[in-house]
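Since the structure comes first, as structure tokens, the remarks are kept for the end.
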Amino acid sequence: MGIPTLDDLAVDGTTVGVRVDINSPLDEDGRLADDARLHAHVGTLQELLDRGGKLAVLAHQGRPGGDEFATLEDHARRLGELLDQPIEYCDATFSAEARDAIADLDHGEAVLLENTRFYSEEYMEFPPAEAAETFLVDRLAPVVDAFVNDAFAAAHRSQPSIVGLPMRVDSYAGRVMERELDVLSNIEDTPRPRVYALGGAKIADAFDVAESVLERGLADEILTSGMTGNAFLAASGVDIGQPSMDAITDRDATAVEQAEALLDEYGEKIHVPEDVAVERDGERVEVGIDGLPVDAPALDVGENTAAAYADVFETAGTAILNGPPGVFEEEQFAHGTREIFGAATSAEYSIVGGGDTAASLRQLGIEGFDHVSTGGGAALRLLTGGELPAVEVLRE
Ligand SMILES: Nc1ncnc2c1ncn2[C@@H]1O[C@H](COP(=O)(O)OP(=O)(O)O)[C@@H](O)[C@H]1O
Ligand SMILES: O=C(OP(=O)(O)O)[C@H](O)COP(=O)(O)O
């Protein structure tokens with residue numbers, strides 16, 4: 001992989017700054033609604049604690065001004081439960097109070113510092129050399145002996161705690177980062193035929209993935225669903241109805257043209273839904289292509305599409321999933337997601353990326369994937385052949 005990992009770090013007795021990504025959905029009371037990302041980092045943190053490290057843990061939660069912009073107090077409590085030892089919470093990130101909390105740590109102890117994004121610089125993007133001159137980095141670099149970046153899900157952000165600290169401190173990839181890079185940087189080595197199931201509502205991202213993997217010859221089949229599938233359906237010449245069209249163009253005004261261009265060039269590899277499901281009088285109603293247009297938005301693929309896509313996975317070498325096939329949050333539109341994602345586990349090797357995609361698996365209790373990425377944007381960046389600033393700076 002060419003970047004230092006925990007195998008290269010002599011931990012015992014050292015103070016280690018550890019960047020994790022525990023950015024999570026919160027409930028109405030601001031408490032953690034899902035702790036999957038906390039679970040993911042337990043291995044790295046436990047290893048560093050067992051090896052005698054004193055850990056200053058850094059993380060962000062939400063975006064300034066957003067509903068999920070919050071303190072990390074609840075995260076510290078939950079991390080303590082998961083690690084079976086108290087994790088101190090400090091309501092400062094790099095002030096004297098935070099630095100004192102770090103200095104007071106004993107071997108095998110950890111403090112979770114406050115949400116890095118409470119400080120404006122941490123929500124800006126900088127080239128690494130400039131990030132290294134920010135206040136957070138300037139104050140924290142002298143009080144840690146090493147830096148471990150385990151925050152794969154934030155690795156596409158060129159922010160101070162991600163790219164600035166490694167410019168000033170010996171730095172290593174944590175176990176989450178290591179495993180994610182291992183899997184997602186080596187897609188071309190996975191078994192064929194390689195099937196990408198692209199659904200969800202981030203249509204532009206799905207087109208980017210489709211274009212990149214088709215251009216690079218990585219994809220043998222692309223199964224389109226969700227709002228992405230609706231756009232392909234429209235691009236294939238079917239009148240899907242105004243409500244579905246409006247939902248698409250609200251997201252991306254040129255979506256249908258982009259889908260048309262992809263169908264023109266790679267049509268034989270791109271599967272388009274053959275039926276959809278809409279809501280009528282509060283009920284799920286299946287509509288075949290012949291029954292379109294309808295005056296309600298298509299919120300799921302229909303049963304025939306789900307069955308046809310499930311068949312494709314029967315003979316797939318690799319399944320790569322990004323974006324749920326329907327509005328899985330509503331039970332009556334979870335059918336496509338349950339069937340298609342459920343069938344994807346029959347591929348020889350299966351990979352899942354995307355925050356909502358992973359949440360849909362947990363919600364629907366679908367298990368058996370070889371790799372469920374903790375990242376959304378970061379995973380997509382790798383799947384489309386891009387580079388991650390966090391990783392580039394670990395190489396230097
Ligand atoms: N046909 C559809 N119409 C509207 N929204 C959809 C449809 N299918 C899926 N979705 C929505 O897409 C959202 C997730 O998409 P996206 O953000 O692209 O996934 P991820 O976070 O995994 O990258 C879900 O909230 C789901 O309700
Ligand atoms: O949740 C995250 O990314 P994701 O939505 O791509 O999975 C990361 O924590 C990065 O957060 P950001 O997109 O607010 O920089």
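One-based numbering, in listed order, for ligands and for the atoms of each. A quick note: this is a predicted structure, and the numbers were derived from the prediction, not measured.
Heavy atoms of N230 found under 4.0 angstrom from ligand 1 belong exclusively to the side chain. Under 4.0 angstrom from ligand 1, there are no non-hydrogen atoms of A358. Contacts of E125 with ligand 2, taken as heavy-atom pairs under 4.0 Å, are absent altogether.
Proximity of a side-chain donor or acceptor of R117 to a complementary backbone N or O of R63 within less than 3.5 Å is not detected. Between the side chain of R284 and the backbone N or O of Q332 there is at least one donor-acceptor pair closer than 3.5 Å. Panel note: side chain D252, backbone I203; no donor-acceptor pair is recorded below 3.5 Å. Here the side chain of N186 pairs no donor or acceptor atom with the backbone of D189 at under 3.5 angstrom. Panel note: side chain S24, backbone D35; no donor-acceptor pair is recorded below 3.5 Å. When atom types are taken as modelled, the side chain of Q258 and the backbone of A204 share no donor-acceptor pair closer than 3.5 angstrom.
For G355, the closest heavy-atom approach to ligand 1 falls below 4.0 Å. Within the 4.0 Å heavy-atom shell around ligand 1 one does not find A247. Heavy-atom distances between G377 and ligand 2 reach below 4.0 Å in at least one pair. Ligand 2 lies out of reach of K202, whose nearest heavy atom is not under 4.0 Å from it.
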For residues 312-326, which side-chain N or O atoms pair as donor and acceptor with protein atoms under 3.5 Å away, sequence neighbours left out?
residue: T315; atom: OG1; partner: V312; partner atom: O; Å: 3.4
residue: T318; atom: OG1; partner: T190; partner atom: OG1; Å: 3.4
residue: T318; atom: OG1; partner: P191; partner atom: O; Å: 2.5
residue: N322; atom: ND2; partner: G353; partner atom: O; Å: 2.7

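Residue contact check: G376 has heavy atoms under 4.0 Å from atoms 6 (O), 7 (O) of ligand 2. Against a heavy-atom cut-off of under 4.0 Å, A298 is close to the following atoms of ligand 1: 1 (N), 2 (C), 3 (N). Annotation for ligand 2: atoms under 4.0 Å from non-hydrogen atoms of N23 are 1 (O), 2 (C), 8 (C), 9 (O), 11 (O). Of all the atoms in ligand 1, the ones that sit under 4.0 Å from a non-hydrogen atom of P324 are 8 (N), 9 (C), 14 (C), 15 (O), 19 (O). Residue-ligand proximity, L299 to ligand 1, at heavy-atom distances under 4.0 Å covers atoms 1 (N). Taking a cut-off of under 4.0 Å to the non-hydrogen atoms of R157, the atoms of ligand 2 that pass are 12 (P), 13 (O), 15 (O). Ligand-side atoms of ligand 1 in range of G326: 8 (N), 9 (C), 10 (N), 26 (C), range being under 4.0 angstrom from any heavy atom.
Residue-to-ligand polar distances place D21 within reach of ligand 2: an N/O pair is separated by less than 3.5 Å. In terms of N/O distances under 3.5 Å, ligand 2 is not approached by G62. Between A201 and ligand 1, an N or O atom pair is found at a separation short of 3.5 Å.
Using modelled atom types, one finds no donor on one side chain facing an acceptor on the other under 3.5 Å when comparing T14 with D12.
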For side-chain hydrogen bond (donor to acceptor under 3.5 Å, both in side chains), just list the numbers for R19 and S161, CA-CA rounded to whole Å, side-chain angles, deciding distance to a tenth of an Å, and then say yes or no.
-> CA-CA 7 Å; R19 180 61 159 97; S161 69; 2.7 Å; yes
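Annotation: side chain of I222 is in contact with side chain of L214 (closest heavy-atom distance under 4.5 Å).
Protein heavy atom closest to atom 6 (C) of ligand 1, with residue, atom name and distance, is V327 CG2, 3.6 Å. The shortest contact between atom 11 (O) of ligand 2 and any protein heavy atom is with H60 NE2, 3.4 Å. If you check which protein heavy atom lies closest to atom 3 (O) of ligand 2, you get A153 O, 3.8 Å. Looking only at heavy atoms of the protein, atom 5 (O) of ligand 2 is closest to R37 NH2, 4.8 Å. If you check which protein heavy atom lies closest to atom 22 (O) of ligand 1, you get T357 OG1, 2.4 Å. In this structure, atom 14 (O) of ligand 2 lies nearest to the protein heavy atom R63 NE, 2.7 Å.
Using a 4.5 Å cut-off between side-chain heavy atoms of Ile, Leu, Val, Met, Phe, Trp and Tyr, with links allowed through other members, V176 and L394 fall into the same hydrophobic cluster.
Under the 4.0 Å criterion applied to side-chain N and carboxylate O atoms, R338 and E331 are assigned as salt-bridge partners. Using a cutoff of 4.0 Å between basic side-chain nitrogens and carboxylate oxygens, R139 and E97 are not scored as salt-bridged.
Residue nearest to atom 17 (O) of ligand 1, selected from L198, T228, D356: D356 (by heavy-atom distance). With distances taken over non-hydrogen atoms, the option nearest atom 18 (O) of ligand 1 out of K202, E329, M227 is K202.
Sorted by first then second residue, the ring pair (Phe, Tyr, Trp, His ring centres under 6.0 Å) pairs that include residues 182-227, not counting sequence neighbours, are F207-F232.
Within a 4.0 Å radius of atom 1 (O) of ligand 2, the protein has at least one heavy atom.
Under the 6.0 Å cut-off for aromatic ring centres, F328 and F341 do not qualify, their centroids lying 6.0 Å or more apart.
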